[in-house]
There are 2 protein chains.
Amino acid sequence: MLQLSKKVEYGLIALRHMAMKPNGNVVTTKELANEYDLPYELLAKIMQKLVKGGVVRSLQGVKGGYTLAQKPSELKVASIIRIIEDSKPMVAECYTDGPDGCYLFYNCTIRRPLGKLQRNLNVLFDRMTVQEII
Amino acid sequence: MLQLSKKVEYGLIALRHMAMKPNGNVVTTKELANEYDLPYELLAKIMQKLVKGGVVRSLQGVKGGYTLAQKPSELKVASIIRIIEDSKPMVAECYTDGPDGCYLFYNCTIRRPLGKLQRNLNVLFDRMTVQEII
DNA sequence: ATAATGTCCGACCCCACAAGTCCTATATTC
DNA sequence: GAATATAGGACTTGTGGGGTCGGACATTAT
Ligand code: SF4
Ligand code: SF4
């Protein structure tokens with residue numbers, strides 16, 4: 001519990017890989033999957049999300065692949081998680097889904113206090129960038 | 001993802017409840033389950049774990065129940081999670097299970113860098129106590 | 001022009017694990 | 001000894017993360 005999802009880990013591994021190559025270098029999903037022994041199709045999905053999220057650019061066709069769209073120092077881990085998971089890393093489901101997310105919502109005594117934790121978490125993930133994991 | 005488990009939430013709600021009552025006050029699982037609309041049997045299990053973990057004391061038999069074993073200001077959220085989940089809140093499974101936990105272990109490039117994140121997380125959960133969620 | 005090689009994307013399956021339930025034993029009070 | 005509490009093993013259920021498949025589209029090389 002409280003673990004990063006595999007998808008996020010794969011995404012970070014991929015981004016780190018790209019960040020280490022000389023700027024503008026194109027890398028394919030196959031390369032990444034082989035190099036780190038990651039499940040190809042899954043990684044492909046992740047890369048597509050990263051494109052939609054604007055952190056990498058894609059080049060289609062033969063000789064295609066992916067390239068970073070931002071400087072590693074600008075790639076916040078928080079953003080990457082949000083892009084891959086479709087939501088920020090939240091400490092309680094009601095924080096993402098609102099009152100409908102949990103039947104305890106209205107008589108939950110820890111919801112507000114957990115806000116502190118959440119804020120601190122946000123800071124933590126906002127501070128860390130891909131640059132730092134090189 | 002990254003959410004606290006329901007068990008932990010229930011545990012925190014229960015502990016908070018006890019922390020607000022005058023010192024030494026005995027509270028039963030039934031009371032707690034009714035008051036906050038929590039699943040009785042599940043909550044019972046959690047309370048038993050908290051007893052084993054030494055954060056609450058149990059009194060058996062009629063007129064029995066639970067009472068805090070420590071001051072709210074000493075009840076760290078980190079400990080509570082560890083007691084209920086049988087392990088600390090970890091950012092990656094290899095941190096709890098070691099090399100056997102993840103087949104990527106030996107050629108994982110983000111394992112070490114994530115250590116920073118883990119340390120910061122530890123600090124976060126170690127700092128927060130039940131006192132703070134009152 | 002067509003084959004090769006890449007991304008794009010929806011639909012689907014699988015299963016480990018969180019969450020919840022049931023049932024019985026044991027301790028304590030009145 | 002009846003009532004009420006915890007203790008704890010065994011079990012079922014539901015969900016979502018992780019993984020897979022198949023086909024469409026884009027680009028390049030020959
Ligand atoms: S309402 Fe309370 S119990 Fe429900 S998700 Fe939010 S914090 Fe957790
Ligand atoms: S080895 Fe890498 S991928 Fe596997 S759990 Fe640890 S950090 Fe995550």
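Just so you know, these numbers come straight off a predicted model, no measurement behind them. Every chain is numbered from 1 and lettered A, B, ... according to where its sequence line falls, protein lines coming before strand lines.
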Which of C:dC22, D:dG18, C:dA19 is nearest the side chain of A:Ser5? It is D:dG18
Atom CE of B:Met47 and atom C1' of D:dA5 are separated, to the nearest Å, by 13 Å
Just so I know, are the side chains of A:Met1 and B:Pro89 near enough to count as touching, which here means a heavy-atom distance under 4.5 Å? no
Legend entry - Beyond-backbone contact of B:Ile13 with B:Arg16, side-chain heavy atoms, under 4.5 angstrom: no
Note to self: Any salt bridge linking B:Glu132 with B:Lys76? Criterion: basic side-chain nitrogen under 4.0 Å from a carboxylate oxygen.
What the structure shows: no
Are any of B:Thr29's side-chain N or O atoms less than 4.0 Å away from OP1 or OP2 of D:dA5?
-> no
Rounded to whole Å, CG of A:Leu50 lies from P of C:dC8 at a distance of 11 Å
Readout for nucleotides 23-30 of chain D: B = base within 4.0 Å of protein heavy atom, S = sugar-phosphate only, - = neither; 5' to 3' it is ---BBB--
Exercise. Could you check A:Lys49 against A:Glu85 for salt bridge (charged side-chain N to carboxylate O under 4.0 Å, His left out), going step by step and ending with a plain yes or no?
Key: CA-CA 9 Å; A:Lys49 284 208 164 188; A:Glu85 303 279 0; over 6 Å; no
Separation of D:dG19 atom P from A:Leu38 atom CG, nearest Å, is 9 Å
When rounded to whole Å, the CD1 to P distance for the pair B:Ile13 and C:dA19 reads 13 Å
Exactly one of B:Leu75, B:Leu68, B:Asn25 clears side chain to side chain contact (heavy atoms under 4.5 Å, CB included) with B:Met18, and that residue is B:Leu68
Do the non-hydrogen side-chain atoms of B:Thr67 and B:Asn23 ever get within less than 4.5 Å of each other? no
Q. Does A:Lys45 get its side chain close enough to the base of C:dT7, under 3.5 Å, for a donor-acceptor pair?
A. no
Atom CG of A:Leu4 and atom C1' of D:dG18 are separated, to the nearest Å, by 15 Å
Against the side chain of B:Tyr66, the closest entry in C:dC22, C:dT7, D:dT6 is D:dT6
DNA chain D nearest-nucleotide lookup for B:Gly64 and B:Tyr103: closer to the 5′ end is B:Gly64
Whether each nucleotide of nucleotides 12-17 of chain C has a protein heavy atom under 4.0 Å at its base (B), only at its sugar-phosphate (S) or at neither (-) is summarised, 5' to 3', as ------
From CD of B:Glu9 across to P of C:dA18 the rounded distance in Å is 14 Å
B:Lys88 atom NZ: more than 12 heavy-atom contacts under 6.0 Å
no
*asked:* For C:dG20 and B:Tyr10 - does any side-chain N or O of the residue sit under 4.0 Å from the phosphate oxygens OP1/OP2?
replied: yes
message: Is there a side-chain contact between A:Arg127 and A:Val123 in this structure, where contact means two heavy atoms from C-beta onward sitting under 4.5 Å apart?
response: yes
Here the distance between atom C1' of C:dA19 and atom CG of B:Asp86, to the nearest Å, is 15 Å
(request) Answer whether the closest heavy-atom distance between the side chains of A:Tyr66 and A:Thr28 falls below 4.5 Å. (result) no
| task | Could you tell me whether the phosphate oxygens of C:dG6, OP1 or OP2, come under 4.0 Å of any side-chain nitrogen or oxygen in A:Ser58? | result | no
From the candidates C:dT7, D:dA5, D:dG19, the one with an atom nearest any side-chain atom of A:Lys6 is D:dG19
Base, sugar-phosphate alone, or nothing: which one does A:Tyr40 contact when heavy atoms must sit under 4.0 Å apart?
base
Here the distance between atom C1' of D:dT15 and atom CG of A:Asp97, to the nearest Å, is 13 Å
Contacts of A:Tyr36 meeting ring-ring contact (aromatic ring centres under 6.0 Å, His included) (sequence neighbours excluded), chain-then-number -> A:His17
Regarding the side chain of B:Lys30, the nearest nucleotide among D:dA5, D:dG19, C:dC8 is D:dA5
Closest of C:dT21, D:dG19, C:dT7 to the B:Leu42 side chain is C:dT21
